[in-house]
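The structure appears right after this line, and notes come after that.
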There are 2 protein chains.
Amino acid sequence: MASRRLAERNGTDGAPPRKGARRDAAAPLGLGVLENHLGYFLRRAQVAVFQDFIRTLAEIDISPAQYSVLVVIGANRGPSQAEVAEFLGIERARLVRMLDHLEKRGLTQRLPSATDRRSHALHLTAAGQKTLKRAKALAGTHETRLLGRIGAGHHKLLLELLREFEV
Amino acid sequence: MASRRLAERNGTDGAPPRKGARRDAAAPLGLGVLENHLGYFLRRAQVAVFQDFIRTLAEIDISPAQYSVLVVIGANRGPSQAEVAEFLGIERARLVRMLDHLEKRGLTQRLPSATDRRSHALHLTAAGQKTLKRAKALAGTHETRLLGRIGAGHHKLLLELLREFEV
DNA sequence: TATTGTTATACTCTATAACTATA
DNA sequence: TATAGTTATAGAGTATAACAATA
């Protein structure tokens, strides 16, 4: 990934290169105005964190999106697909295929809703609860690794700041 | 998007719902352990920020990825495709199609490298420089909007914290 | 042998629209 | 009329592998 130090060393933060100046082919690149864009660093951080998450949960083959679905089903009794999709910002159509997959793996169930015959009440199977428990443990080691890397204070601060972006 | 207040109101942060308790169908869902995962909030924040960026630059049809490529080419004289791809964390193969597209729009050029006949020196055309200038202005209003939303202090703090995730 | 740009393929995810069965 | 779940399709983006030209 790009290092901020490279950009500083290159001195190209914001200002374009001098007219006629030919960049040394071996010189590191500069970020330019990207240096000041929150979106750029949010994206890089998110990708890095997800990569670590994916590596950490590879042994049980659970993706970040699947984890979020399992956690929300586990934390809420019988939510509908529409509720889970809207809550997690996943397309309803996308959730259908995710649940098909989780169901095929025997982790989740679609039970008839007690109150609305159009909708399904989502539940974890016994295997789903077991997998979620293991997933939480692994996600915990992932989170602890992040925390060790940036420090507990920064971790807490970041969580608080990021919550401000909610819509 | 999900609101933290909903999760708090629901009281399902971390702990599973009580055995046998049937969640009120109208009750909002709870995040469960997601509440403590940096990755979850990083993703939501990144999506929200990118959505605002895309809306803001819609009039010139420049995506966040395209913007980052134009900025890096504009800030560095004649970088190669491999350099830009590695620097921005884009696959080399993906950058080929992006440049095909930008070139078709008349914004970038692949010139022969002075030192290596395998590689191309990437440059902005006059139109590319003009578009980049406009893009920077629009991206500036986007960034100012973010800043107004979370405050200058939080914006600066976030930038600093996010840089710690670089690899 | 390794690297640059390229092509190709498969898979994931997003965005839409449309359909059915219910409400 | 509107909503829940579903199906289908098109477009990004990611991940890989392979190839020709060049280093």
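Letters A, B, ... are given to chains in the order of the sequence lines, protein chains preceding strands, and every chain is numbered from 1.
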Give the rounded distance in Å between these two atoms: [atom1] of [X] and [atom2] of [N].
{"X": "A:Glu83", "N": "D:dG5", "atom1": "CD", "atom2": "C1'", "result": "14 Å"}
{"X": "B:Leu88", "N": "D:dT14", "atom1": "CG", "atom2": "P", "result": "11 Å"}
{"X": "A:Gln51", "N": "D:dT14", "atom1": "CD", "atom2": "C1'", "result": "11 Å"}
{"X": "B:Glu86", "N": "C:dT3", "atom1": "CD", "atom2": "P", "result": "12 Å"}
{"X": "A:Phe50", "N": "D:dG13", "atom1": "CZ", "atom2": "P", "result": "17 Å"}
{"X": "B:His120", "N": "D:dA21", "atom1": "NE2", "atom2": "P", "result": "13 Å"}
{"X": "A:Leu99", "N": "D:dT7", "atom1": "CG", "atom2": "P", "result": "12 Å"}
{"X": "B:Asp100", "N": "D:dA12", "atom1": "CG", "atom2": "C1'", "result": "15 Å"}

Query raised in the report: For the hydrophobic clusters of this structure (ILVMFWY residues joined by side-chain heavy atoms under 4.5 Å, transitively), does one cluster hold both B:Leu157 and B:Leu147?
Result: no

Query raised in the report: So, does the side chain of B:Arg118 form a donor-acceptor pair with the base of C:dT3 at under 3.5 Å?
Result: yes

Query - Contact nearer the 5' end of DNA chain D, comparing B:Glu91 with B:Met98 - result: B:Met98

**Report entry** Presence of A:Gln81 side-chain N/O under 4.0 Å of D:dT3 phosphate oxygens OP1/OP2
**Finding:** no

Query raised in the report: Is any side-chain nitrogen or oxygen of A:Arg43 closer than 4.0 Å to OP1 or OP2 of D:dG13?
Result: no

Using a 4.0 Å heavy-atom cut-off, does [X] contact any base of the nucleic acid, only the sugar-phosphate backbone, or nothing at all?
{"X": "B:Arg94", "value": "base"}
{"X": "B:Ala93", "value": "base"}
{"X": "A:Arg92", "value": "base"}

Requested in this report: Could you say whether A:Asp116 or A:Ile90 is positioned toward the 5' end of DNA chain C, judged by the nucleotide with the nearest heavy atom to each?
Outcome: A:Ile90

Requested in this report: Taking only the side-chain heavy atoms of A:Arg117 (C-beta and beyond), determine which of C:dT22, D:dT6, D:dA4 contains the nearest atom.
Outcome: C:dT22

Taking atom types as modelled, is there a side-chain donor on [X] or [Y] under 3.5 Å from an acceptor on the other?
{"X": "A:His101", "Y": "A:Gln66", "value": "yes"}
{"X": "B:Gln81", "Y": "B:His120", "value": "yes"}
{"X": "A:Thr56", "Y": "A:Arg145", "value": "yes"}

Report task. Could you tell me whether B:Arg163 sits above the aromatic face of A:Phe41, with NZ or CZ closer than 6.0 angstrom to the six-membered ring centre and within 45 degrees of the axis? Result -> yes

